[in-house]
Amino acid sequence: MESRRHLPIGLQDFKNVRTRNCVYVDKTRFVYEMANDNHPYFLSRPRRFGKSLLLSTMYYYFLGQKELFEGLALGELEKDWVEYPVFRISFGGGGFEDDAHLKKYLNRVLSEFEKKYEISISDYDIENYSGRLETLMNVAQEKTGKQVVVLIDEYDKPILDAVYSEYEEKNRSILRDFYSPLKDNEDSLRFLFITGITKVSNVNIFSGLNQLDDISLTNKYSTICGISETELEEYFQPEIACLASEQKMTVEEAKQKLAKIYDGYHFSPESEGVYNPFCLLKCLNDSDFGSYWFESGTPSFLVKTLQNQPLQLQSILNGRKATEEQFKNYDPESKNMLPVIYQSGYLTIKDFQKERRIYTLGFPNEEIEKGFLNAVLKKFVKVPDDDLGLAIDNLCIALTENNIDRALRIIQAAIADLPTVIQKNMCENYYESVTHVMFRMTGFDVVSELQNQYGRSDVIVTLPNAVYIFELKMDKGRAFEEVAEEAEEGLAQIDEKGYSDRFAVSGKAMHKIALVFSSEGKGLLGWKVK
């Protein structure tokens, strides 16, 4: 059997990728175009999407290392190779839960550059980060006769690591000071490129650098990170064939499954779909359709955000409509979690109404949907992690067998008590969200708030041979035996509002269920079925 090619899984250094003869998806034409446009740029992309490799490519280009680009687009395009002084700073590898860690890291990075350019700093000036960066830029320009290049990777990590803590504002304040020379010393800059997961409001790098070109939603650069369908076909035919062989599928079947599980990211309304590169490369390397996105765990800031504002889950699960302003910028002082969830890679652009400028956001693919729902359940239900998969599997079996009582007992056990992060006045939305998520995890078609001309049904679950229509009601703080009236009202509402009408001609078994939840946070009290 032919030996496998080297795939750059997890590699972030361009020189390492090239010298180890790894398969490299050529993105260098983007680097050349941006370098010659000479704008200061910002790019937001989810984790594991190749932002660091992109910055590393820029780093070696501005160092003039021509030999690394032989055979690539930039190697053909560039005729005048020039070495510039480059300051590359990455916050991606550190932990910045408090301001002390951020200060220590900045001091270490700046000290390394100061040593290179023979700059002495007094103890008095050690925390004057803006002054130190400004001095570095000026001295480097004086000594080399060239403008400087500044590349900043994961600029927002110190903010996200401290999100919702007392250190968040402290870290933002330090970064505002540190980044200020990039605004005030524009003439010293040959090129500026900044990456992050989120675009954080209230950080001076964005309010001060008015000319910063945010290309995060630009169609021209929509495939600058990640692997497009076109690139998959061009670069990975041998790996696709091997995957198909290992999985006993045709090549076409393998490509369809790859797309279903890992494709689907759209970073502009009209862009080609993009695969997460880490997940795709892991699948091709292992010849197995695994769940690779969550191997390193769910980002802590996402969990903190879900805890801070869990009540928007229904709209996110059903396909969230939003203006660009609602998901483009993250404001730490706001309770809007949509920008964090979108920019973290859990949602992507699914549709765009050009006339009204309204976007529809949804899960990009199967892997992300399952992973997100799993993360939500682990945080907001009482089922132990080890038993969660078994509970969902049992729920799936119960629905398939039309065993409604068993299905609802599983849900009842999962949400026996209101989590401490939920206020009692929030419990109605909480119960609807978590009930929806548990049904969604079964893999069946689930919709909340389905609109007809008379109203909105709470939750509808559709199977190949059955339809379950759930109406959720809250008690008045009484035992279930005393609130049968609420259950009867729920069943009557399903009929009066015609929630089942659209399924009448499907030929499927119809189950109408009213659920009664505790307004005191004591979970699912009981149910009635029609």
Side-chain angles (χ1 to χ4, degrees), residues 12-15 30-45 51-65 82-94 102 105-117 119 121 128-159 172 174-197 199-200 203-216 221 224-225:
Q12 301 178 351
D13 185 77
F14 177 71
K15 184 176 183 177
F30 292 119
V31 175
Y32 179 81
E33 290 172 5
M34 289 186 293
N36 283 275
D37 285 343
N38 203 25
H39 297 167
Y41 289 96
F42 171 76
L43 176 68
S44 167
R45 285 292 184 271
K51 299 186 300 295
S52 298
L53 180 58
L54 176 65
L55 252 69
S56 177
T57 307
M58 295 175 177
Y59 174 73
Y60 289 107
Y61 168 61
F62 283 109
L63 287 181
Q65 298 199 8
V82 179
E83 181 180 357
Y84 293 91
V86 182
F87 297 115
R88 181 172 61 164
I89 301 168
S90 174
F91 294 97
L102 178 56
Y105 178 76
L106 288 175
N107 183 54
R108 178 171 65 81
V109 169
L110 291 172
S111 295
E112 291 173 358
F113 290 133
E114 287 159 350
K115 182 178 180 181
K116 177 178 179 179
Y117 289 100
I119 300 172
I121 297 295
N128 180 14
Y129 304 115
S130 61
R132 292 171 69 181
L133 180 58
E134 183 173 10
T135 299
L136 274 167
M137 293 170 65
N138 292 333
V139 170
Q141 185 176 19
E142 289 172 6
K143 288 192 173 184
T144 65
K146 303 281 194 312
Q147 290 176 298
V148 301
V149 173
V150 179
L151 307 173
I152 300 175
D153 197 15
E154 304 286 2
Y155 90 96
D156 53 345
K157 193 171 187 295
I159 300 170
R172 280 161 49 192
I174 292 169
L175 290 176
R176 278 195 293 267
D177 173 62
F178 176 65
Y179 292 137
S180 60
L182 302 178
K183 172 185 65 175
D184 300 330
N185 294 270
E186 186 178 299
D187 292 342
S188 299
L189 281 170
R190 164 64 179 86
F191 187 74
L192 171 64
F193 197 93
I194 303 163
T195 78
I197 293 176
K199 186 176 181 182
V200 181
V203 178
N204 274 353
I205 192 167
F206 298 115
S207 61
L209 285 171
N210 293 325
Q211 77 281 22
L212 197 66
D213 189 358
D214 183 356
I215 60 173
S216 304
Y221 295 111
I224 192 171
C225 290

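We use all heavy atoms of the structure for the numbers below, so side chains are in, but hydrogens, waters and symmetry mates are not. Not measured: the values here are computed from a predicted model.
- At least one side-chain heavy atom of C225 sits less than 4.5 Å from a side-chain heavy atom of L43.
- Counting heavy atoms from C-beta outward, I152 and T195 have side chains that stay 4.5 Å or more apart.
- Counting all heavy atoms, side chain and backbone alike, L53 lies closest to D13 at CD1-C, 4.0 Å.
- The minimum heavy-atom distance between L151 and L55, with the atom names listed, is CD1-O, 3.6 Å.
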Worked verdict on L110 versus I121 for side chain to side chain contact (heavy atoms under 4.5 Å, CB included): CA-CA 10 Å; L110 291 172; I121 297 295; over 6 Å; no
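- A salt bridge (charged side-chain N to carboxylate O under 4.0 Å, His left out) check over residues 148-159, counting only residues at least two apart or in different chains, returns the pairs K51-E154, K157-D161.
- Evaluation of the side chain to side chain donor-acceptor pair (under 3.5 Å) rule for Q147 yields no partner, not counting sequence neighbours.
- Here the side chains of F113 and R132 are not in contact, with every heavy-atom distance at 4.5 Å or above.
- Between atom OH of residue Y155 and atom CD1 of residue I194 there is a gap of 8.5 Å, rounded to the nearest 0.5 Å.
- Not a single side chain to side chain donor-acceptor pair (under 3.5 Å) links Y59 to another residue, sequence neighbours left out.
- Between the side chain of D37 and the backbone N or O of H39 there is no donor-acceptor pair closer than 3.5 Å.
- Here the side chains of L106 and I89 are not in contact, with every heavy-atom distance at 4.5 Å or above.
- Ring pair Y221/Y41 is perpendicular by interplanar angle, where above 60° counts as perpendicular and below 30° as parallel.
- A 4.5 Å side-chain heavy-atom check between M34 and D213 finds every atom pair outside the cut-off.
- Residues passing the side-chain contact (heavy atoms from CB on, under 4.5 Å) test with N138, sequence neighbours excluded: E134, N185, S188.
- For Q12, the side-chain contact (heavy atoms from CB on, under 4.5 Å) test picks out S52, with sequence neighbours left out.
- Once rounded to the nearest 0.5 Å, the distance linking CG of L133 with CG of N128 reads 10.5 Å.
- Atom OG1 of T135 and atom CD of E142 lie 10.0 Å apart (nearest 0.5 Å).
- Side-chain contact between T144 and Y84: absent, with no pair of heavy atoms (C-beta onward) separated by less than 4.5 Å.
- A distance of 8.5 Å separates CG in L136 from OH in Y117, rounded to the nearest 0.5 Å.
- Aromatic ring pairs are classed by plane angle as parallel below 30°, tilted from 30° to 60° and perpendicular above 60°; the pair F14 and Y60 is tilted.
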Assess the residue pair S56 and R88 against the criterion (side chain to side chain contact (heavy atoms under 4.5 Å, CB included)); give the C-alpha distance rounded to whole Å, side-chain angles, the decisive distance to 0.1 Å, and a yes or no. CA-CA 9 Å; S56 177; R88 181 172 61 164; 3.5 Å; yes
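- Taking Y105 as the reference, F91, F96 meet the ring pair (Phe, Tyr, Trp, His ring centres under 6.0 Å) condition, with sequence neighbours excluded.
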Let me see the working for R45 and L54 under side chain to side chain contact (heavy atoms under 4.5 Å, CB included), right down to the final yes or no. CA-CA 11 Å; R45 285 292 184 271; L54 176 65; over 6 Å; no
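- Distance check, rounded to the nearest 0.5 Å: CZ of F42 to CD1 of I215 gives 9.5 Å.
- One distance of note links CZ of F62 with NZ of K146; it measures 13.5 Å at 0.5 Å rounding.
- Look at R108 and E112 and you find a salt bridge, because one of the NZ, NE, NH1 or NH2 atoms lies within 4.0 Å of a carboxylate O, short of that distance.
- In terms of heavy-atom proximity, E83 sits nearest to L63 at CG-O, 3.4 Å.
- Here the closest non-hydrogen pair linking P85 and A140 is CB-CB, 4.0 Å.
- Annotation: side chain of E186 is not in contact with side chain of L192 (no heavy-atom distance under 4.5 Å).
- Between I197 and S44, the shortest heavy-atom distance links the atoms O-OG, 2.6 Å.
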